[in-house]
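Input: a single structure, listed below in C-alpha cells.
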Amino acid sequence: MAGTKAGHDDLREEDLVASHWLVKSEPATFSYDDLVRDGRTVWDGVRNHAAAGHLKAMKVGDQVLFYHSQEGKDVVAVAQVAREAFPDASDPTGKFVAVELTPVRKLPRSVTLAQMKANPALADMAMLRQGRLSVSPVSDADWATILKMAGE
DNA sequence: GCCAACGTTGGC
DNA sequence: GCCAACGTTGGC
C-alpha cells in the first residue's frame with residue numbers, strides 16, 4: 001500500500017470507510033462452517049480491481065460480514081481480518097492481494113439478499129448497487145441495520 | 001485509446 | 001439453465 005498518492009488532504013478510501021466489510025463465498029466451495037472448522041483462512045483468488053482495493057484497505061481487527069452466494073444468498077456470520085493484505089500466492093502476475101480471516105460468530109438468524117433489497121435503508125450498500133462485487137465496504141449505519149435484522 | 005468480442009459472476 | 005452486468009482482452 002505504500003506509494004499511493006501523496007498529499008495529506010487527499011482523502012483515500014481507507015480514511016473514509018471505517019472498519020466494516022462484506023465478503024462473498026459460495027458455500028459449496030467454502031462456507032462459514034468451513035472457516036470455523038479451519039480456524040483461519042487465506043482469502044485469495046480475488047481478481048477484480050475494485051474488490052482488491054477493498055482488500056488492501058482492510059486492517060487487522062476489522063469486522064467482516066460473511067455472505068453465502070448462489071446457495072443461501074444470505075449473510076450468515078461475522079468474521080474478522082487477522083492479517084492485512086499481502087501478495088496473493090495464487091496470482092502469477094503478482095498484482096493481486098489476499099488477506100486472512102478468522103471466524104467471530106454466527107448470526108442469530110441469517111439476513112437474506114431479498115430482505116436487504118427490501119430495506120430502503122440499505123439502498124446504497126455497495127454490494128446491492130454492484131451485484132458482482134465480491135468484497136465491499138459496509139458503512140457503520142448499514143452494519144448496525146444488518147445486525148439488527150439478524151436479531152442481534 | 002477505442003470498442004467489439006468474450007468470459008465470469010451471481011441472481012432469478 | 002438463462003441472462004444481465006460488468007470486467008478484460010485484443011484488434012485496429
Side-chain angles (χ1 to χ4, degrees), chain A residues 1 3-5 10-14 16-17 19-38 40-58 62-139 141-152:
Chain A
M1 209 48 193
T4 43
K5 292 180 206 98
D10 210 5
L11 285 177
R12 287 170 294 165
E13 176 180 36
E14 54 268 40
L16 294 170
V17 180
S19 44
H20 298 128
W21 309 93
L22 179 147
V23 297
K24 294 182 178 178
S25 184
E26 295 182 31
T29 305
F30 191 83
S31 69
Y32 182 73
D33 287 341
D34 292 328
L35 179 58
V36 171
R37 182 200 62 208
D38 294 352
R40 183 180 182 110
T41 197
V42 174
W43 207 259
D44 60 4
V46 171
R47 294 292 181 271
N48 169 288
H49 292 293
H54 299 317
L55 288 181
K56 287 180 185 172
M58 289 182 181
D62 282 2
Q63 305 272 107
V64 181
L65 292 173
F66 199 100
Y67 175 82
H68 281 167
S69 61
Q70 314 272 42
E71 196 185 310
K73 276 163 279 184
D74 52 358
V75 175
V76 295
V78 176
Q80 147 174 350
V81 178
R83 183 183 173 194
E84 290 170 22
F86 57 95
D88 181 343
S90 73
D91 170 30
T93 72
K95 287 191 291 190
F96 289 100
V97 296
V99 298
E100 287 185 13
L101 298 180
T102 50
V104 175
R105 64 182 185 277
K106 258 189 171 164
L107 296 172
R109 56 176 184 269
S110 74
V111 179
T112 66
L113 178 65
Q115 289 174 307
M116 289 190 281
K117 282 184 169 174
N119 189 338
L122 300 177
D124 286 332
M125 264 190 87
M127 82 155 302
L128 296 183
R129 309 200 89 188
Q130 191 181 347
R132 292 182 49 198
L133 196 55
S134 59
V135 181
S136 58
V138 176
S139 72
D142 290 350
W143 178 269
T145 298
I146 290 166
L147 290 192
K148 197 170 177 185
M149 290 167 80
E152 289 200 342

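To find a chain, count down the sequence lines: A is the first, B the second, and so on, and within it residues start at 1.
At whole-Å resolution of the value, CZ in A/R47 and C1' in B/dT9 are 15 Å apart. If you take CG of A/L113 and P of B/dT9, they are 18 Å apart, rounded to a whole angstrom. Protein atom CD of A/E71 is 15 Å distant from nucleotide atom C1' of B/dC12, rounded to whole Å. A/D74 has its CG atom 14 Å from the C1' atom of B/dG10, to the nearest Å. Look at CE on A/M127: it is 15 Å from C1' on C/dC6, rounded to the nearest Å. Rounding to whole angstrom units, CZ of residue A/R132 and P of B/dC12 are separated by 15 Å. When rounded to the nearest whole Å, the span between NZ of A/K24 and P of C/dC6 equals 11 Å. The CD atom of A/Q70 sits 11 Å away from the P atom of B/dC12 (whole-angstrom rounding).
Applying the 4.0 Å criterion to OP1 and OP2 of B/dG11, one finds that A/Y67 has a side-chain N or O inside that range. Under 4.0 angstrom from either OP1 or OP2 of C/dT8 there lies at least one side-chain N or O belonging to A/H49. Here A/K95 does not reach the OP1 or OP2 of C/dT8: none of its side-chain N or O atoms lies under 4.0 Å away. Proximity of A/Q130 to the phosphate of B/dG10: no side-chain N or O atom is located under 4.0 Å from OP1 or OP2.
Between A/F66 and A/Y32, the ring planes lie perpendicular to each other; the angle is over 60°, past the 30° to 60° tilted range. Taking the six-membered ring for Trp and thresholds of 30 and 60 degrees, A/H54 and A/W21 have ring planes inclined between 30 and 60 degrees apart.
With contacts defined as side-chain heavy-atom distances shorter than 4.5 Å, the pair A/L113/A/K117 qualifies.
The side chain of A/N48 lies closest to C/dG7, out of B/dG11, C/dA5, C/dG7.
Each of A/R109, A/K106, A/R105 was checked for a salt bridge (Lys or Arg N to Asp or Glu O under 4.0 Å) with A/E152, and the lone residue meeting it is A/R105.
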